[in-house]
Number of protein chains: 2
Amino acid sequence: MADVAKVAGVSAMTVSRALREDASVSKATRARVLEVIDDLGYVPDQAAGALSSGRSKLVGMIAPSFTSAMYGAVARGLDATLTKAGLQLFLGFADFQEEREEQALEALLRRRPEAVVLSGGRHTPKAMRMLANASVPVVEFFCAPVSPAHHVVAVDLRAAGRLAVERLAAGGRRSLVVIGESDGLDIAAQERAIGAREAAAEKGFREPTALYGAGAVAPIDFGAHIVGEMLARRPDVDGVVCGNDGVAIGVIAGLRRHGRRVPDDVAVIGFGDHEVGRHLDPALTTIGFNAPSLGVEVGKVLLSAFEAVRAGDEIKPYRLSIGVELVGRDSA
Amino acid sequence: MADVAKVAGVSAMTVSRALREDASVSKATRARVLEVIDDLGYVPDQAAGALSSGRSKLVGMIAPSFTSAMYGAVARGLDATLTKAGLQLFLGFADFQEEREEQALEALLRRRPEAVVLSGGRHTPKAMRMLANASVPVVEFFCAPVSPAHHVVAVDLRAAGRLAVERLAAGGRRSLVVIGESDGLDIAAQERAIGAREAAAEKGFREPTALYGAGAVAPIDFGAHIVGEMLARRPDVDGVVCGNDGVAIGVIAGLRRHGRRVPDDVAVIGFGDHEVGRHLDPALTTIGFNAPSLGVEVGKVLLSAFEAVRAGDEIKPYRLSIGVELVGRDSA
DNA sequence: CTGAAAGCGCTAACAA
DNA sequence: TTGTTAGCGCTTTCAG
């Protein structure tokens, strides 16, 4: 920056101001400085800027993985919103493990983010403590946590479970199974199961059998493999609610191998509305929600939280619910 | 850090040293300092550390998207390797556009990364200039760029095209189409097409028809829709090589709608070996490569480059090729 | 509208 | 093994 200042014949301070939109610099001076910056290929050092101003312009997001489409889509929506506000998104991997999430969070906090976004669920006690100490807005997304750290933007997973069961009931199914893609502690799967149970109770059905497993990493394989257990536990099953479309695809493949036809013998419903569902045979009935807009909503919550802090307003936790909708096709 | 120093009864410098593995601090002092750090919940500020030491401990990676599994898998492999070396991965989105890549790169460079990883292909002239000015190792991955910025870790896409055509030839197919998921300027699709053309020429076949489109964002829908054009351009097609498994799934669905059976009338080969392929009906024949290990290899290249700089060795560009293999199933 | 001084929190280099 | 001094590149604050 000193170089730029010297060449432009101004002080470093003026260069710094020329770089910000709002600062008071004459049009002519700014133009000259920007030209020099372009000539020299100067790129400001944000570490220095952050240290000096106390504003890192960083928002951290920690997701279980970016191998499945959903978290990538959320990140993209969030990134788009933040970029407009001059903030950068810093992504971290939790690998579906609380301990890894804690590590990723600590690594993130070293960069002094102005907000933290992480997937709702359980966190280690140390992670909760770090979040509290960080004294920046925290948003948990996708599923509503038991003890929310701060703001929540969650998909209405209970409604997803309910909608799925209602669809199955309308199709004359009576013996239901709910498959969670993660272990029994996973809150998303539990929420969906609760919704399903409620709807089943309303209809006067026998309680759906809940099946959980470590299918987050390879959902399709998981779905295919769990069919054996499902048929053993509930031989008369005629309706299956799956934790995501991948699991559903696997379940359909598994059922086929076991000689059961979909949807004739068993109806299968997915979750997530992945584009593949439309092109399968049978086309997949699923529960959809808008993942990029979930990210956008998280971004909006963050921006309002910043605004509230700036205005000195009291900050009250947001509780946003993202709606779901049934995408009725052939598998159920 | 001053707080920690005061409580522990040492200087800030000793606290700083206690935090690093190699530094010379007595066992007792380190233990005491670390205890105080834990008590106070102190998390060091890396922006300050970076400014002072000139080492940001950041490696930036810019990928077209993290909505498809591949880039997420590469990022995960890279992250694992870097984390072991005490480096953090900073992810950026290019949204499949050179201009967005340039923006993401500039934003990244403001954080002074110690290396830059980006997907091979074309970059804007300004991006190339910024990369040169940054004077840090640059790795381009997945596909080999026309004018490499520095190191390259590329999948052997020509071999992928060749293997696909050989498989089709072995199955008695003679009239081939190659579908690229991105536009005609996309280097990955071109490389695959070159390999396919070579193999077709060797077999004495008519040159495969190459079809390109903007299918990177929604490959399955793209594959489904391009079938019409494909049948118009090459009515006698009996073998299709697709840019990725998504496109292949779409093509199979599209062919079915047009009344063509797979593999009886037309054989279809995908690319990427996504887990879904195994469970489709017909199961998808595809060309696989190990995406996480591609990320790991990128990480290794980076670490050797750092090592070379440290040792003062001459740095010569790496050219790593990641092998591909045919995963023979039913669709071809 | 522009400049000068001070300092953000840490670490390199040197001293003890 | 530990401490002191200086300064990384920027922005805040205060002067002009």
Side-chain angles (χ1 to χ4, degrees), chain A residues 1-34 36-37 40-58 86 88 106-107 109-114 133-136 310, chain B residues 1-34 36-37 40-58 86 88 106-107 109-114 133-136 310:
Chain A
M1 180 177 269
D3 296 345
V4 176
K6 198 175 293 174
V7 175
V10 294
S11 72
M13 201 50 242
T14 302
V15 176
S16 175
R17 282 196 269 249
L19 251 9
R20 345 184 108 269
E21 284 302 315
D22 55 324
S24 53
V25 187
S26 76
K27 271 229 178 293
T29 308
R30 164 169 286 141
R32 186 154 36 92
V33 170
L34 291 181
V36 173
I37 284 174
L40 267 50
Y42 165 74
V43 178
D45 184 333
Q46 278 205 45
L51 186 59
S52 174
S53 68
R55 314 235 310 96
S56 66
K57 305 216 171 166
L58 227 42
Q88 257 178 292
E106 181 158 4
L109 260 18
R110 279 197 276 267
R111 305 286 174 185
R112 297 289 186 270
E114 298 186 25
N133 286 346
S135 61
V136 293
R310 209 170 309 131
Chain B
M1 181 177 269
D3 296 346
V4 176
K6 198 175 293 175
V7 175
V10 294
S11 72
M13 199 56 238
T14 301
V15 175
S16 174
R17 282 197 268 249
L19 251 10
R20 344 185 108 268
E21 283 302 316
D22 54 324
S24 52
V25 186
S26 75
K27 273 227 178 292
T29 309
R30 163 170 286 140
R32 185 155 36 92
V33 171
L34 291 181
V36 173
I37 284 174
L40 266 51
Y42 165 74
V43 177
D45 184 333
Q46 278 206 47
L51 187 60
S52 174
S53 68
R55 313 236 310 96
S56 66
K57 303 215 172 169
L58 226 44
Q88 258 180 291
E106 181 158 3
L109 259 18
R110 279 198 276 268
R111 305 287 173 185
R112 297 289 185 270
E114 298 185 24
N133 286 346
S135 61
V136 294
R310 209 171 308 132

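The chains referred to below are lettered A, B, ... by the order of the sequence lines, with proteins before strands, and numbering in each begins at 1.
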B:T29: which residues meet the side-chain hydrogen bond (donor to acceptor under 3.5 Å, both in side chains) condition with it, sequence neighbours left out?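 Partners of B:T29 under the side-chain hydrogen bond (donor to acceptor under 3.5 Å, both in side chains) test: B:S26.
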
Could you tell me which residues satisfy side-chain hydrogen bond (donor to acceptor under 3.5 Å, both in side chains) with B:T14, sequence neighbours excluded, listed by chain and number?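 Testing B:T14 for side-chain hydrogen bond (donor to acceptor under 3.5 Å, both in side chains), a comparison that skips the adjacent residues, returns B:S11.
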
Taking five pairs at each end, how big is the angle between the two axes of the helix from C:dC1-D:dG16 to C:dA16-D:dT1, to 10°?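 Between the axes fitted at each end of the helix from C:dC1-D:dG16 to C:dA16-D:dT1 lies an angle of 30°.
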
So, using side-chain contact (heavy atoms from CB on, under 4.5 Å) as the criterion, who are the partners of [X] when residues are at least two apart?
X      : answer
B:R112 : A:V43, A:D45
B:R17  : B:M13, B:A23, B:V25
B:V4   : B:V15, B:V33, B:V36, B:I37, B:L40, B:Y42

Separation of atom [atom1] in [X] from atom [atom2] in [N], rounded to whole Å:
X     : N      : atom1 : atom2 : result
B:K6  : C:dG9  : NZ    : P     : 13 Å
B:Q46 : C:dC8  : CD    : C1'   : 16 Å
A:L51 : C:dG7  : CG    : C1'   : 9 Å
B:D45 : C:dT11 : CG    : C1'   : 13 Å

Can you see which heavy atom on [X] is nearest to which on [Y], and at what distance?
X     : Y     : answer
A:A50 : A:S56 : CB-CA, 3.8 Å
B:A12 : B:A5  : N-CB, 3.7 Å
A:L51 : B:A48 : CD1-CB, 3.6 Å

What residues in residues 7-19 of chain B put a non-hydrogen atom under 4.0 Å from any atom of DNA chain D?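 Here the set is B:V10, B:S11, B:M13, B:T14, B:R17.
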
For the atom pair CD (A:Q88) and CZ (B:R111), what is the distance rounded to the nearest 0.5 Å?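 It comes to 4.5 Å.
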
Could you give the start and end, 5' to 3', of the contact zone on DNA chain D for chain B, using atoms under 4.0 Å from its heavy atoms?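 So the contact region on DNA chain D extends D:dT1 to D:dG9.
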
Per the salt bridge (charged side-chain N to carboxylate O under 4.0 Å, His left out) rule, what does the pair list look like for residues 48-58 of chain B, sequence neighbours excluded?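 Qualifying pairs: B:R55-B:E114.
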
Counting only side-chain nitrogens and oxygens, does A:S26 get under 4.0 Å of the OP1 or OP2 atom of C:dT2?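 For A:S26, the contact criterion (side-chain N or O under 4.0 Å from OP1 or OP2 of C:dT2) is met.
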
First of B:S53 and B:S24 reached from the 5' end of DNA chain D, by closest nucleotide: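 Between the two, 5'-proximity favours B:S24.
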
Check: B:R20 main-chain N/O paired with B:R30 side-chain donor or acceptor under 3.5 Å: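 A pair under 3.5 Å: yes.
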
